[in-house]
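Before any comments, here is the structure.
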Amino acid sequence: MQAAIALCHFCETHGPRVVITCQPIRDASNSQIFPENSDRGLHSPCEPSTSGATSPTEPPKYYGDNLTVVEDPDARCDACTSLGTTSYLLSNDHLTRTSYISSQVAFSEIVLDRIRTSCLRSLSYEISIPQLSLTQKGPLKDVNASSSKTSNDQNEDGKDDGNIFYGDSEHGYTFALTFRIPDTKARGLQRLYSLLVVSNDPTFLLNSHDFFLQALRSIKDKLRSLAMETFRRENQQMREAEEPLRPENASRISRLPPNLISRRISLDTKRTLQTITGDEEIWIRLHRHMMWTLRAQTMRIGDVILEGVPTQDMLVMMEMDETEIEELDLDSPNSHNLTLLQLHNLKTIATTLLVDGCGDDLEMLLKHIVTGGQVVIESDSQPLCRQFLLSLTNLLPLGCAKMCGWSDVYQHRFMVNLLGCPLNTDIPLDAEECLVIRLLSNGCDGLLLDGTNMEIRRRPQFAALMPKIVPRFKQLLLDPEIVDTILETTLRSTREKWLAKAKQFYQLQRQSTKIGFDKATQLVRATPHDKMVLIFWQAGLSRAFKEHVHEIIREQDLLNQKTPQNGQSTAC
C-alpha cells in the first residue's frame, strides 16, 4: 500500500467512524489479463473505467492478488453508512494495471486497522492550530486566546479546522484534514468530518504535502458548497416566527437550554451525507476524487530511470504514432535480438554487393541511403523484403527512416525512402533518384538473407566524391573481426556523431544572423561533400528539439530588440 484515502465522520450515535475508503491495488506481475468487457464507462488507456457491485458476495474484478472481503466490525447508522446497497466502487487503470476500490470497509485487515486508528485520532485529540490564529499579531499567549475565542464564532467558514500530520511506524502515518459542513438537523447545525491520507512512508506524505492539501481542500469545498445549498433551501422552508437559523448562530444556540433547542430544532442525527448535500451520486463523486488524487500523485512522483540524457532517437520514438513504431519493429520485447539479426543481414548485404555486384555498388547504396535517396526492393518474399529494409534502417537516425515494408503500388520518395514491392512493380521512369534492387529468395523462407540473390536493377546518378560517413560505414560492415554486438555500438556512435553535427547545422541555419550552407558546413567540421548528409539528417531531429531551438531564437531576438545599440535604445 503506497497510500489510501478515507472519509471519516463523527457520528452522534456511534462516535468516530470510517465512512468510505479508496485504496489502490496493483498488478506487480503484469501476468493477469483484465477482461475489458467487465467494466462499463471509460476504456481509453489514459482514463480509468468505473464499475460497482450491488451484491456483497460478488467478487470484484481487479488487478493484483486475491483479496478477502473484511467484515465491518463497527455498529453503524445511516449517518455513518455509505454506498447503500453497493458493496464497492471499482476503477481500473489499464495503462498502469492498477485498480482503485472504494468501499465502506477496506479490503485489507492492515489497511482497515490503520485507517480506523487514524480516524479516531483525527476526530478526537489530533487538533490542528486554527489557521486564523496564525495571522494574529502579538505574543504567543495571544495566539491561544485568539484560538479559544474564534473556535466557536468561525466554524461556518472552517477557519478553526485545518490539516495535521501524525503517526508512527507501528500504526502508519497520516495526513488529515478536519472540517465541518452545515446541517439544519444536526446539533450545533454542523457535522464533523475528516479526510485522511494514510501511508507507511512518511517521506511520501511530507513530500506530497502541498499536493494532498490542495486535493483534499477541493473535496472539502465541494462538500461544503453542496451542503450549504441544502442548508439554505431547508432554512427557507422554515416558517417559524423566529429568525431563520444560520450557521453562524451555532455558537449562540449551543448556550441555550436543551428544552428550548428541542422546541426550535427538530434534530435528526442519522441523516445520510446524500441527504445533507442533496446529491444522490455523492459517493461516486467522492470515489472519483479520491481515485484521481491517488493516481495523479503516483504518476507525478513515479521513478524514471534514464541512462544519461535522452538521445534524439528516444525523443523521436516518443513522438511516433503506433503504426510507425510497429512498421519499424520498435515495439518488440526482443528488440536487442532483432537488432543483432538485422546487423547480420546488413553485413550479408554489404558482402554480397561487394563480391557479386560492380565495384562501386556498395558505396553507391550507402551514399544513397545517408543522403536521402529512395531504395526500392522488389522481391518474391515479403518477409525477406521487410528484413532487407529493416537492416538498412540501422544506417539512419530513427527520424529519417520512413519505411513501408510492403506495398503493391509504388509510393513516391517524399512519402517513404525505404519501400518494399512485389516483383515487376510499375515504377515511374521519372523517379530518377530511385535505387531499385531485386531480391530473390532462392527457397529461403526464414529471416536471414544468406543465400538470397541480390541484383541492382536501376542505378541513380552517382558522383565519385563520397561523404566521410560512407567509407566509415563500409569499413565497419566489411571488417570480419567486428562481431555484431560491437558493430551495434559503433554504428550507433557513428550515427550520434553525425546527428550532433546535423543539430549544430540546424541551429546555425535558423539563427538571426544568416549563415550560408558552405560556412555552416565548415563550422560543424564537415566537408562540402557532407552537406547533403547534414541537410537530410535534419529530418531525424525531434520536434521537441526544433521547437526548443525556435524558442531560444525568439527569446534572443526579443533581447536584441531591447538591448541598446550604438548608444540608441529601442522602444518596446
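Worth saying up front: this structure is predicted, and the values here are computed from it rather than measured.
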Practice problem: For Glu551, check salt bridge (Lys or Arg N to Asp or Glu O under 4.0 Å) against everything at least two apart and list the hits. | Solution: Arg554
Quiz prompt | Rounded distance (nearest 0.5 Å) linking atom CD1 of Ile437 with atom CG of Leu435 | solution = 4.5 Å
Exercise. Working to the nearest 0.5 Å, report the span between CZ of Arg495 and CG of Leu491.
Key: 6.5 Å
Self-check item: Min side-chain heavy-atom separation Leu294-Met290 under 4.5 Å
Solution: no
Quiz item: What distance separates Leu177 CG from Leu196 CG, expressed to the nearest 0.5 Å?
Solution: 9.5 Å
Quiz item: Should the heavy atoms of other residues, nucleotides or ligands under 6.0 Å from NE2 of His548 be counted, would the total exceed 12?
Solution: no
Quiz item: What do the steps show when you test Leu89 against Ser91 for side-chain contact (heavy atoms from CB on, under 4.5 Å), and what is the final call?
Solution: CA-CA 7 Å; Leu89 294 172; Ser91 292; over 6 Å; no
Self-check item: salt bridge (charged side-chain N to carboxylate O under 4.0 Å, His left out) contacts in which one or both residues fall within residues 370-395, not counting sequence neighbours
Solution: Glu327-Arg386, Asp329-Arg386, Glu378-Arg438
Quiz item: Is any side-chain heavy atom of Lys347 closer than 4.5 Å to a side-chain heavy atom of Leu487?
Solution: yes
Quiz item: Do any N or O atoms from the side chain of Thr174 and from the backbone of Ala176 form a donor-acceptor pair under 3.5 angstrom?
Solution: no
Exercise. Flag the pair Thr452 / Leu449 as yes when at least one side-chain heavy-atom distance between them is below 4.5 Å, and no otherwise.
Key: yes
Exercise. Go through Phe165 and Phe212 one step at a time and tell me if the ring pair (Phe, Tyr, Trp, His ring centres under 6.0 Å) criterion holds.
Key: CA-CA 11 Å; Phe165 174 84; Phe212 283 130; over 10 Å; no
Practice problem: Side-chain contact test, heavy atoms from C-beta onward, threshold under 4.5 Å: evaluate it for Ile282 versus Leu223 and give yes or no. | Solution: yes
Self-check item: Test: Asp530 and Lys501 ion pair at under 4.0 Å
Solution: no
Quiz item: Can you name the residues that form a salt bridge (Lys or Arg N to Asp or Glu O under 4.0 Å) with Arg543, not counting sequence neighbours?
Solution: none
Quiz item: Is the CD atom of Glu322 crowded by more than 12 outside heavy atoms at less than 6.0 Å?
Solution: no
Quiz prompt | side chain to side chain donor-acceptor pair (under 3.5 Å) pairs, two or more places apart, involving residues 390-402 | solution = Gln342-Asn394
Exercise. Would you mind telling me which of Thr351, Ile349, Leu366 makes a side chain to side chain contact (heavy atoms under 4.5 Å, CB included) with Leu477?
Key: Leu366
Exercise. Calculate, to the nearest 0.5 Å, the distance between atoms OG and NZ belonging to Ser542 and Lys503 respectively.
Key: 8.0 Å
Quiz item: What heavy-atom pair brings Val197 and Ala3 nearest, and what distance separates the two atoms?
Solution: CG1-CB, 4.2 Å
Quiz item: Is the NZ atom of Lys468 crowded by more than 12 outside heavy atoms at less than 6.0 Å?
Solution: yes
Quiz item: Would Leu341 and Asn337 satisfy side-chain contact (heavy atoms from CB on, under 4.5 Å), going step by step from the backbone distance to the final call?
Solution: CA-CA 6 Å; Leu341 173 64; Asn337 294 334; over 6 Å; no
Quiz item: Taking all non-hydrogen atoms of both residues, which atom of Phe505 and which atom of Val524 are closest, and how far apart?
Solution: N-CG1, 3.8 Å
Quiz prompt | Atom of Ser102, atom of Cys22 and distance for their closest heavy-atom approach | solution = OG-CB, 3.3 Å
Quiz prompt | Chi angles and distances behind the side-chain contact (heavy atoms from CB on, under 4.5 Å) call for Asn200, Tyr173 | solution = CA-CA 6 Å; Asn200 294 330; Tyr173 298 88; 5.9 Å; no
Self-check item: Nearest-0.5 Å distance that lies between atom CG in Leu390 and atom CG in Asn345
Solution: 9.5 Å
Quiz item: Per the side chain to side chain contact (heavy atoms under 4.5 Å, CB included) rule, which among Arg457, Arg459, Glu455, Gln374 passes with Val436?
Solution: Arg457
Quiz item: Can you find a pair of side-chain heavy atoms, one from Cys434 and one from Arg413, that are under 4.5 Å apart?
Solution: no
Practice problem: Test side-chain contact (heavy atoms from CB on, under 4.5 Å) on Leu328 and Met403 and set out the steps. | Solution: CA-CA 7 Å; Leu328 295 174; Met403 172 181 153; 3.9 Å; yes
Practice problem: Find the distance between NE2 (His287) and OH (Tyr100) and round it off to the nearest 0.5 Å. | Solution: 10.0 Å
Self-check item: Residue pair Thr425 / Val409, side-chain heavy-atom distance below 4.5 Å
Solution: no
Quiz prompt | Those residues that, when tested against Lys531, pass salt bridge (Lys or Arg N to Asp or Glu O under 4.0 Å) (two or more places apart) | solution = Asp518
Quiz item: Has Gln522 got more than 12 heavy atoms of other residues, nucleotides or ligands less than 6.0 Å from its CD?
Solution: no
Practice problem: Might you point out which heavy atoms bring Leu541 and Ala502 nearest each other, and give the distance in Å? | Solution: CD1-O, 4.1 Å
Self-check item: Minimum heavy-atom distance Asp426-Tyr410, with the two atoms named
Solution: O-CB, 3.6 Å
Exercise. Look at the side chain of Ser208 and the backbone N and O of Leu205, then say whether any donor-acceptor pair between them is shorter than 3.5 Å.
Key: no
Quiz prompt | Whether over 12 other heavy atoms sit under 6.0 Å from Tyr166 OH | solution = yes
Quiz item: With distance as the sole test, does Trp537 use its side chain to make a donor-acceptor pair with the main-chain N or O of Val370 at under 3.5 Å?
Solution: yes
Practice problem: Indicate the atoms forming the closest heavy-atom contact of Gly516 with Gln509, along with that distance. | Solution: O-NE2, 3.6 Å
Quiz item: Residues two or more places apart in sequence or in another chain: which of them pass ring-ring contact (aromatic ring centres under 6.0 Å, His included) with Phe473?
Solution: none
Practice problem: Salt-bridge test for Glu488 and Arg492: reply yes if a basic N is under 4.0 Å from a carboxylate O, no otherwise. | Solution: yes
Quiz item: Can you find a pair of side-chain heavy atoms, one from Glu496 and one from Asp313, that are under 4.5 Å apart?
Solution: yes
Quiz item: Would you say the side chains of Asp321 and Thr323 form a donor-acceptor pair under 3.5 Å?
Solution: yes
Quiz item: Can you find a heavy atom in the side chain of Ile369 that is under 4.5 Å from one in the side chain of Leu365?
Solution: yes
